[in-house]
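What follows is one structure encoded as structure tokens, with my remarks underneath.
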There are 2 protein chains.
Amino acid sequence: MTLAYPLDDPRAARPASALSDAFDRHGVRMAYARNEEIYAQDDAVELLYRVVRGVVRTSRVTADGRRQVGAFYYPGDLFGLEPGPDHRFGAEALDDCEILVVRRSAVRAAAGDAELDRAILEAQRLEMERLQDHVVMLGRKSARERVASFLMSIAQRGGDDHADLAMGRQDMADYLGLTIETVSRMLTQLQGEAIVAFPSSRRFEIRKWTALEALAA
Amino acid sequence: MTLAYPLDDPRAARPASALSDAFDRHGVRMAYARNEEIYAQDDAVELLYRVVRGVVRTSRVTADGRRQVGAFYYPGDLFGLEPGPDHRFGAEALDDCEILVVRRSAVRAAAGDAELDRAILEAQRLEMERLQDHVVMLGRKSARERVASFLMSIAQRGGDDHADLAMGRQDMADYLGLTIETVSRMLTQLQGEAIVAFPSSRRFEIRKWTALEALAA
DNA sequence: CGCGCTTTTGAGAAACGTCAAGCTCAGTGG
DNA sequence: CCACTGAGCTTGACGTTTCTCAAAAGCGCG
């Protein structure tokens with residue numbers, strides 16, 4: 001990775017919040033290339049990260065090479081907030097990324113700041129709810145439903161009806177607990193039913209919201 | 001549920017810790033019968049619970065009736081620590097239970113107490129790590145491996161080589177994202193290979209630790 | 001245009017679920 | 001003391017879903 005530029009650089013946008021403030025005063029802006037590792041599985045948890053640009057994925061690889069993707073993080077998202085002494089999932093840049101990084105100790109030094117605490121707790125809350133939903137999805141949903149849920153969650157983030165997938169099929173598969181072929185087949189199936197349309201393999205549009213919602217539930 | 005007896009009852013053991021102290025001063029000891037609901041899915045998060053006796057399971061039921069068990073909690077465990085405004089999983093007594101209950105506000109009032117905070121954070125840490133492991137298991141392990149992992153985790157809790165299952169096959173299945181038949185078949189299979197032995201359907205002994213560990217990894 | 005990389009498609013195999021029946025065992029009442 | 005019962009567990013046969021392996025098709029890029 002390379003250090004992009006120091007934080008007092010004017011390019012660093014500064015929304016007025018305690019969290020942004022902590023990132024601005026104590027943070028460093030880093031740039032990571034596509035597929036570059038941000039931190040490794042089993043690294044010590046020392047830093048707190050915020051996505052500025054690009055998308056980050058966390059993943060865990062078992063001894064025999066199976067991979068489970070934990071989450072995808074988008075601009076504005078905090079990540080690296082694992083509660084234990086070391087990371088159980090590694091983090092990698094999905095595409096070229098800029099990431100703000102602060103030492104946890106610096107954050108702790110700024111403690112007592114209620115707004116900052118709230119932002120971190122809120123990130124932890126989101127993280128835990130995401131994990132809970134992920135468990136239910138992996139435990140009880142079919143491949144078709146998993147893919148539908150995934151498209152739904154991406155589309156909701158975008159807001160509008162066209163959305164871009166930041167990740168390839170393999171990352172989707174490893175997030176959904178499926179194989180790349182099954183993901184592809186389910187996408188083809190949903191297209192065949194005119195529930196979604198893929199103008200290109202990374203871009204889609206939802207055509208039948210209610211049908212997709214019913215599947216994603 | 002029924003109120004068992006007030007907390008100043010001499011039967012209430014009192015390990016000298018801030019957490020126990022908070023439970024003792026502000027808590028109420030409740031008794032729940034087998035399969036009784038402790039809190040419902042979508043209830044507001046207001047209380048903090050600690051298992052005194054018995055085993056508790058948390059579970060989530062989807063609109064169409066599929067059930068995912070989130071976790072099992074044993075004596076000494078804290079539960080009900082969900083970060084959002086309401087419970088995304090309900091909690092039920094697996095067998096006859098005694099549970100200590102405190103209002104979250106009472107806990108918060110006792111804040112500043114470092115040891116208490118630590119105990120709650122520790123419980124949250126465990127919860128999150130459990131969720132992470134659960135995701136990897138459901139996303140990437142086979143039925144055989146899931147069952148092996150499950151037996152392993154139960155056995156580790158017990159310490160010694162004989163262990164009791166507090167839950168029936170259906171609860172195991174709903175925790176592991178499998179059907180009751182598949183769980184049963186995997187148990188039969190592991191017995192056939194002399195990796196475990198079941199003197200009764202709720203009691204087992206691990207015969208080949210290394211084999212089971214290899215599967216559980 | 002050719003090359004690597006990703007995605008899609010196909011055919012067959014394996015894993016897991018479904019449905020139905022049989023078994024075990026503790027509890028119960030004759 | 002023993003048959004009866006009901007709940008939970010196991011087993012079997014079969015169906016469906018998902019995976020595996022292999023090949024073809026699309027797509028960006030030099």
Side-chain angles (χ1 to χ4, degrees), chain A residues 33-35 57 62 64-69 94-96 137-151 164-193 196-204 215, chain B residues 33-35 55 57 62 64-69 92 94-96 137-151 164-193 196-204 215:
Chain A
R34 183 173 141 75
N35 286 322
R57 81 170 165 255
T62 63
D64 60 347
R66 282 175 282 187
R67 191 176 75 138
Q68 177 65 46
V69 168
L94 206 64
D95 49 8
D96 294 349
M137 184 178 78
L138 296 175
R140 287 299 176 219
K141 287 188 186 172
S142 69
R144 186 178 158 83
E145 292 167 330
R146 293 183 205 185
V147 170
S149 304
F150 187 76
L151 293 182
D164 280 304
L165 293 173
M167 71 296 293
R169 299 292 187 263
Q170 187 63 61
D171 284 327
M172 286 177 61
D174 288 347
Y175 178 76
L176 298 173
L178 300 170
T179 60
I180 184 173
E181 294 97 331
T182 299
V183 169
S184 182
R185 275 186 253 270
M186 294 303 123
L187 290 174
T188 305
Q189 197 179 95
L190 292 174
Q191 277 185 92
E193 298 165 37
V196 297
F198 274 79
S200 83
S201 80
R202 295 286 187 109
R203 188 169 181 74
F204 71 96
L215 277 172
Chain B
R34 182 172 141 75
N35 286 324
V55 181
R57 83 170 163 255
T62 63
D64 59 348
R66 282 176 282 187
R67 190 176 75 137
Q68 177 65 47
V69 168
E92 305 100 37
L94 208 63
D95 48 9
D96 293 349
M137 184 179 77
L138 296 176
R140 287 301 177 217
K141 287 188 185 171
S142 69
R144 185 177 159 82
E145 293 167 329
R146 293 183 204 185
V147 170
S149 304
F150 188 77
L151 294 181
D164 282 304
L165 294 173
M167 71 296 295
R169 298 292 187 264
Q170 187 64 61
D171 284 327
M172 286 177 60
D174 288 346
Y175 177 76
L176 298 173
L178 300 170
T179 60
I180 183 175
E181 294 97 331
T182 298
V183 169
S184 183
R185 275 185 253 269
M186 295 302 123
L187 290 173
T188 305
Q189 197 180 95
L190 292 173
Q191 277 185 93
E193 299 164 36
V196 298
F198 275 80
S200 84
S201 81
R202 294 288 188 109
R203 189 170 180 72
F204 70 97
L215 277 173

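These figures come from a predicted structure and were not determined experimentally. Proteins get letters first, then strands, A, B, ... in listed order; numbering begins at 1 in each.
Nearest-nucleotide positions on DNA chain D for P199(A) and G177(A) put G177(A) closer to the 5' end. Where K141(A) and S200(A) each meet DNA chain D at their nearest nucleotide, the meeting point lying more 5' is that of K141(A).
Residues Q189(B) and V147(B) fail the side-chain proximity criterion, which asks for heavy atoms closer than 4.5 Å.
Separating the CD atom of Q189(A) from the P atom of dG10(C) is a distance of 13 Å, rounded to the nearest angstrom. Regarding F198(A), its CZ atom lies at a distance of 17 Å from the P atom of dG26(D), rounded to whole Å. Rounded to whole angstrom, the span from the CG atom of L190(A) across to the P atom of dT8(C) amounts to 12 Å. Atom CD in E145(A) sits roughly 11 Å away from atom P in dT17(D) (whole-Å rounding). The distance from atom CZ of R169(B) to atom P of dG17(C) is 16 Å, rounded to the nearest whole Å. The distance between atom CZ of R144(B) and atom C1' of dA14(C), rounded to the nearest whole Å, is 14 Å. In this structure, L178(B) atom CG and dT17(D) atom C1' are separated by 14 Å, rounded to whole Å. Across the protein-nucleic acid pair, R146(B) atom CZ and dG17(C) atom C1' stand 13 Å apart, rounded to whole Å.
Rounding to the nearest 0.5 Å places CD1 of I180(B) at 8.5 Å from CZ of R169(B). For the atom pair CG (L94(A)) and CZ (R57(A)), the distance works out to 5.5 Å, reported to the nearest 0.5 Å.
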Under the side chain to side chain contact (heavy atoms under 4.5 Å, CB included) criterion, do M137(B) and L176(B) qualify, and how do the steps go? CA-CA 8 Å; M137(B) 184 179 77; L176(B) 298 173; 3.4 Å; yes

Apply side chain to side chain contact (heavy atoms under 4.5 Å, CB included) to the pair F198(B) and L151(B), showing each step before the final yes or no. CA-CA 11 Å; F198(B) 275 80; L151(B) 294 181; 4.2 Å; yes

Going through the checks in order, is the side chain to side chain contact (heavy atoms under 4.5 Å, CB included) test met by F150(A) and M186(A)? CA-CA 12 Å; F150(A) 187 76; M186(A) 294 303 123; over 6 Å; no

Walk me through whether R203(A) and L165(A) qualify under side chain to side chain contact (heavy atoms under 4.5 Å, CB included). CA-CA 6 Å; R203(A) 188 169 181 74; L165(A) 293 173; over 6 Å; no

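If you check residues 179-188 of chain B against DNA chain D, the residues with a heavy atom closer than 4.0 Å are E181(B), S184(B), R185(B), T188(B), listed by number.
Remark on the helix from dC1(C)-dG30(D) to dG30(C)-dC1(D): inter-end axis angle 20°, axes from five-pair C1' superpositions, rounded to 10°.
Residue contacts shown for S142(A) are limited to sugar-phosphate atoms, with no base heavy atom under 4.0 Å away. At a threshold of 4.0 angstrom between heavy atoms, the contacts of R202(A) are confined to the sugar-phosphate backbone, with no base atom among them. Within 4.0 Å of R34(B), counting heavy atoms only, lie sugar-phosphate atoms of the nucleic acid but no base atom.
Open room surrounds CZ on R34(A); 12 or fewer heavy atoms of other groups in view lie less than 6.0 Å from it.
Under a 3.5 Å cut-off, the side chain of R66(B) and the backbone N or O of K141(A) do not form any donor-acceptor pair.
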